2 protein chains.
Amino acid sequence: MSAKAHKNKTDPVEPTRERILSAAESVFAQFGYDGATVRRISQAAGVPVALVNYHFGSKLGLYRAIFEKRTPTVIDKRVAGLQMARAEPDLDRRVDLVVRALIWPMFALRGDDPSADFGRIVTREMSDPQAEARGVFKEMFDPVADMLIAAIGECFPDWTKAEVHWAYHTMLGAMTIVLTDNGRIGRLSDGEVSSDRWEEAAVHVCSILSAGLKYRDRSQTRG
Amino acid sequence: MSAKAHKNKTDPVEPTRERILSAAESVFAQFGYDGATVRRISQAAGVPVALVNYHFGSKLGLYRAIFEKRTPTVIDKRVAGLQMARAEPDLDRRVDLVVRALIWPMFALRGDDPSADFGRIVTREMSDPQAEARGVFKEMFDPVADMLIAAIGECFPDWTKAEVHWAYHTMLGAMTIVLTDNGRIGRLSDGEVSSDRWEEAAVHVCSILSAGLKYRDRSQTRG
DNA sequence: AATAATCTTGAACGGTTGTTCAATCCCCAC
DNA sequence: GTGGGGATTGAACAACCGTTCAAGATTATT
């Protein structure tokens, strides 16, 4: 009787599975894995509770499905960014490209609004010890993290392993706080700046990180 | 019959309230606000469930009590660090001191082990939209954040407001990821570096951030 | 020693959690 | 049209949630 009544196989009007998936993305981002309830997700999607378990098996299955949907985009962009960086012979400029390869693919999630939630889910997962038990984050993001760390090492051949790794995590942390922000940045600046304008944020953060790597004082870390 | 039987008012062997408080700190850090259950906390403290609500009124009351116990130490150290920075006439050196004033008081929590958990609770609170509803973080940390942002502005009088604020949040993010880490940093570096050795981490992160602020390329952010 | 105040206890409260199940619906191939 | 298989539904499950309560144990005050 409704619009969805005459759906077909190739392009259903609003496939239920997809509706649940994007509702879950929003609810998980807002309430976290434990705070989010299957009932609230199903309600947001406008479907009965049982459908969630029918389509995704379990709450964890639904959670994993979100990552399986979103991560490839981010990973691919990062790999592409790193290839571009490797092609740059000038080491100074290459640093800028490596920083960009880390930051931009994640910030770009804020571009299309529904997937802005995924950024928050990822940062929540990073700060959750229980994430290890879920296993999702590790298996999806560790490989590309290794690539990024290697790329930093190639930019600074004389750095110690500790210097390279701490540089990566410093960058990662700076990126994280923009993704994770929920209004505090705007509040503290009286609305002057906002994490919603992600391109502006990226320019600021990248400029600081690039200079930080290039001009850091290594006298205490050279080892 | 146990040791706690002959407790007195001045120094009880292990005051129940305090036992609950530190058990809660550990459980909240491990499972987050929603994931932590009052029953698990009481079990970790070795007391019946009802005692939690008797001493703290509610789960939220217990949560707030943790912040009321720990924050003053951090805030006081930061304020002291900022006073020291203001006394430094050389602007380059003053930057280093401001960065230290932000980073060290939080990292120092890792010094005495039980309160290492508090660092994770704080970073969890930062990435949780529901934190606003609890109100704890905002009311306790925003004032000193304003002071830190002002101190950065004084180091770089010609910077725009956006440059100052993004600088602060970049620093904050870098700090956050060390506090929030639960083994990933060690895993990615094959155990070479660890967030447990917080002084080493602080030196690396501070050196990058200091250089980042001093030597950033402002051509795209000058506005 | 007797009374009052505080702390501790185990059991219970109503409500919510993730998940399951049998019954129903809809669409497509025959 | 007539089966049949996937999609959907509402109700039910046991387990657990935060909180409350009346009763008992302990400590403090008179």
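We use all heavy atoms of the structure for the numbers below, so side chains are in, but hydrogens, waters and symmetry mates are not. Computed from a prediction, not measured in an experiment: that's the story for all the values here.
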Q: Count the heavy atoms belonging to other residues, nucleotides or ligands that lie under 6.0 Å from CD of A/Gln43, then report whether that count exceeds 12.
A: no
Q: Tell me the interatomic distance from B/Phe56, atom CZ, to D/dT20, atom C1', rounded to whole angstroms.
A: 18 Å
Q: Starting from the 5' end of DNA chain D, give me the residue, B/Val38 or A/Arg17, whose nearest nucleotide shows up first.
A: A/Arg17
Q: Starting at atom CD1 of B/Ile20, determine the distance to atom C1' of C/dT9, rounded to an integer number of angstrom.
A: 13 Å
Q: Kindly indicate whether the side chain of A/Glu199, heavy atoms from C-beta on, has any atom under 4.5 Å from the side chain of A/Trp104.
A: yes
Q: Set out, line by line, the N/O atom pairs under 3.5 Å between protein and nucleotides 10-16 of chain C.
A:
residue : atom : partner : partner atom : Å
C/dA12  : N6   : B/Arg39 : NH2          : 3.3

Q: Which of these nucleotides, D/dG18, D/dT9, C/dT8, is closest to any side-chain atom of B/Leu51?
A: C/dT8
Q: Taking C-beta and beyond as the side chain, do A/Pro129 and B/Arg124 meet within less than 4.5 Å on heavy atoms?
A: yes
Q: Round to a whole Å and report the spacing from CG of A/Leu60 to C1' of C/dT19.
A: 14 Å
Q: Is the charged tip of B/Lys59 near the ring of B/Tyr33: under 6.0 Å from the six-membered ring centre and within 45° of its axis?
A: yes
Q: Can you confirm whether more than 12 heavy atoms, excluding those of B/Met84, are under 6.0 Å from its CE atom?
A: no
Q: A/Gln43 CD to C/dT17 P: how many Å, rounded?
A: 10 Å
Q: Would you mind telling me which of C/dT8, C/dG18, D/dG6 lies closest to the side-chain atoms of A/Tyr54?
A: D/dG6
Q: For the pair made of CG in B/Leu62 and C1' in D/dT19, what is the distance, rounded to whole Å?
A: 14 Å
Q: Rounded to whole Å, how long is the line connecting atom OH of B/Tyr63 with atom P of D/dG18?
A: 14 Å
Q: Do A/Arg70 and A/Val122 pass the side chain to side chain contact (heavy atoms under 4.5 Å, CB included) test, and can you show the C-alpha distance, the side-chain angles, and the key distance before you say yes or no?
A: CA-CA 10 Å; A/Arg70 296 287 185 194; A/Val122 169; over 6 Å; no
Q: Below 4.0 angstrom from OP1 or OP2 of D/dT8, is there any side-chain N or O of A/His55?
A: yes
Q: May I have the distance from A/Glu18 (atom CD) to D/dA7 (atom P), rounded to whole angstrom?
A: 14 Å
Q: Please state how far atom CZ in A/Phe31 lies from atom P in C/dT17, giving the value in whole angstrom units.
A: 11 Å
Q: Does C/dG18 have OP1 or OP2 under 4.0 Å away from a side-chain N or O of A/Ser58?
A: no
Q: Hey, can you tell me if B/Trp166 and B/His169 have their rings parallel, tilted or perpendicular (30° and 60° cut-offs)?
A: perpendicular
